[in-house]
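Read through the structure below, which is laid out as structure tokens, and then see the notes.
It should be emphasised that the depicted structure is a prediction, and the values quoted were computed from it without experimental measurement. Here is the naming used below: chain letters follow the sequence lines, and residue numbers restart at 1 for every chain.
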Protein chains: 2
Amino acid sequence: MDEPAWLDEHELSAWQAFLATGAIINRLVEQQLKDDSGLSHSQYEVLVRLADAPDGELRMTELAGAAFTSKSGLTYQVAQLEKAGLVRRRACPTDVRGVIASLTDEGWAVLRAAAPGHAALVRELFVSGLSREEFAGFAAGLSALLGRLSVHAG
Amino acid sequence: MDEPAWLDEHELSAWQAFLATGAIINRLVEQQLKDDSGLSHSQYEVLVRLADAPDGELRMTELAGAAFTSKSGLTYQVAQLEKAGLVRRRACPTDVRGVIASLTDEGWAVLRAAAPGHAALVRELFVSGLSREEFAGFAAGLSALLGRLSVHAG
DNA sequence: GGGGGTTGGTTCGGGTTCGAACAACTGGGT
DNA sequence: ACCCAGTTGTTCGAACCCGAACCAACCCCC
């Protein structure tokens, strides 16, 4: 019951910094990907997940679960990617309802072309400017946070 | 030069954790505010900024600059808040073009009612589960990151 | 005072996102 | 064989957000 109704100074400023960094970084990344490769950040993420999967293929649900978007949002993005020729949809052999999204050759090519610029920006915004110790502490916090959040996300 | 085109293992996992935590936390916060107070996260942020300002008033530009939304986005949100009776728009006495957004009594009341639940959730998601040292390191990283980003945001 | 560059805020059009509802299908228990 | 709860992916309506275009007003410097 001694839970205060407001956050204390440190908590508040960390929280604000978290929101602000997220917003700014997302905006810059979005911008860079759009200018450089004509991809939105979500689309890029979808391509990355597919590229990480065996044969560059994943079920829609696995894609949505591992990613940061809802089921309907994913349907939309995959439709966009398919229209652009970067992704193909196949039926799932073991489940008639299932849909498998699969990277096309062009999808691979676009992703390979986009990755270096994206990596450079992430490095510039997110990695450089932090000392090794700072980065380590920061990463440790993120990882702990994510572990705890997985409980909530269930 | 010897800049690799991809992120190394630690960088990548930290980056993914950053994106994932941001996405999950934002979704949960959004949900909670909507259910609890009928506010979107952006709307809540606007109210908080106003409440922090002297007399609960701010110029539109200051609001947009300090916040995470574009000018047009802010116009939209303030219109919503005005429709809901939480914010009033006044003309700016020193600049005819200017518009001052100002918290109404009801705006104060709604914010006071919403704050404890929001603070509790932020505490639960963001603060608890990290040891004091972890949190300190994490906050230090965030702050350094934000400082560096301000350059880019200019 | 009276231009020219800058700023403040809104409007507009398009793209993106979400949740709820939906239909088709699955799998396990009986 | 059958039923029923749970899953899968899409569709639909609405909300949201952004950048570009825009007009009006400011500033400042000659």
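Atom pair B:D35:CG and C:dC18:P shows a separation of 16 Å (rounding to whole Å applied). As a whole-Å value, the separation of A:L58 CG from D:dT8 C1' is 15 Å. Rounded to whole Å, the distance from CG on A:L39 to P on C:dT16 is 11 Å. B:E62 has its CD atom 15 Å from the P atom of C:dT7, to the nearest Å. Spacing between atom NE2 of B:H41 and atom C1' of D:dA15 amounts to 17 Å, rounded to whole angstrom units. The nearest whole Å value for the distance from the NZ atom in B:K34 to the P atom in D:dA15 is 9 Å. In this structure, B:L74 atom CG and D:dC17 atom P are separated by 10 Å, rounded to whole Å. The interatomic distance linking B:E30 (CD) with C:dG19 (P) rounds to 9 Å, in whole Å.
A sub-4.0 Å separation between OP1 or OP2 of C:dC18 and a side-chain N or O of B:R27 is present. Distances shorter than 4.0 Å separate none of the side-chain N or O atoms of B:Q80 from OP1 or OP2 on D:dA15. At the phosphate of C:dT16, neither OP1 nor OP2 sits under 4.0 Å from any side-chain N or O atom of A:Q77. At the phosphate of D:dC17, neither OP1 nor OP2 sits under 4.0 Å from any side-chain N or O atom of B:Y76.
Taking only side-chain atoms of A:R97, from C-beta outward, the nucleotide of D:dT11, D:dA25, C:dC25 with the closest atom is C:dC25. With D:dC18, C:dC25, C:dA20 as the choices, the nucleotide that has an atom nearest any side-chain atom of A:S72 turns out to be C:dA20.
In this structure, B:E30 contributes its side chain and B:H41 its backbone to a donor-acceptor pair below 3.5 Å. Side chain of A:S143 to backbone of A:A139: no donor-acceptor contact under 3.5 angstrom is found.
For the pair B:Q43 and A:Q31, both in contact range of DNA chain D, the more 5′-proximal nearest nucleotide belongs to B:Q43. Annotation: of the two residues near DNA chain D, A:D95 and B:F68, the 5′-most nearest-nucleotide partner is A:D95. If B:M60 and A:S42 are placed on DNA chain C by their nearest nucleotide, the residue sitting closer to the 5' end is B:M60. Sequence order on DNA chain C of the closest nucleotides to B:K71 and A:T94 puts B:K71 first from the 5' end.
Checked options A:L103, A:L81, A:L86, A:L111; the residue passing with A:V46 is A:L81 (criterion: side chain to side chain contact (heavy atoms under 4.5 Å, CB included)). Of the residues B:F68, B:F135, B:F126, the one that meets the ring pair (Phe, Tyr, Trp, His ring centres under 6.0 Å) test with A:F18 is B:F126.
For B:T61 against C:dG8, a side-chain-to-base donor-acceptor contact under 3.5 Å is absent. B:T75 contributes no side-chain N or O that forms a donor-acceptor pair with the base of C:dG9 under 3.5 Å. Side-chain atoms of A:R59 stay outside donor-acceptor range of the base of D:dT8, with no qualifying N/O pair under 3.5 Å.
As judged by a 4.0 angstrom heavy-atom cut-off over every strand, A:T69 is placed among residues touching the sugar-phosphate backbone only.
Remark: B:Q32 pairs with no residue by the side-chain hydrogen bond (donor to acceptor under 3.5 Å, both in side chains) rule, at least two apart or across chains.
Counting only residues at least two apart or in different chains, salt bridge (charged side-chain N to carboxylate O under 4.0 Å, His left out) contacts with residues 95-120 of chain B comprise B:R59-B:D95, B:D95-B:R97.
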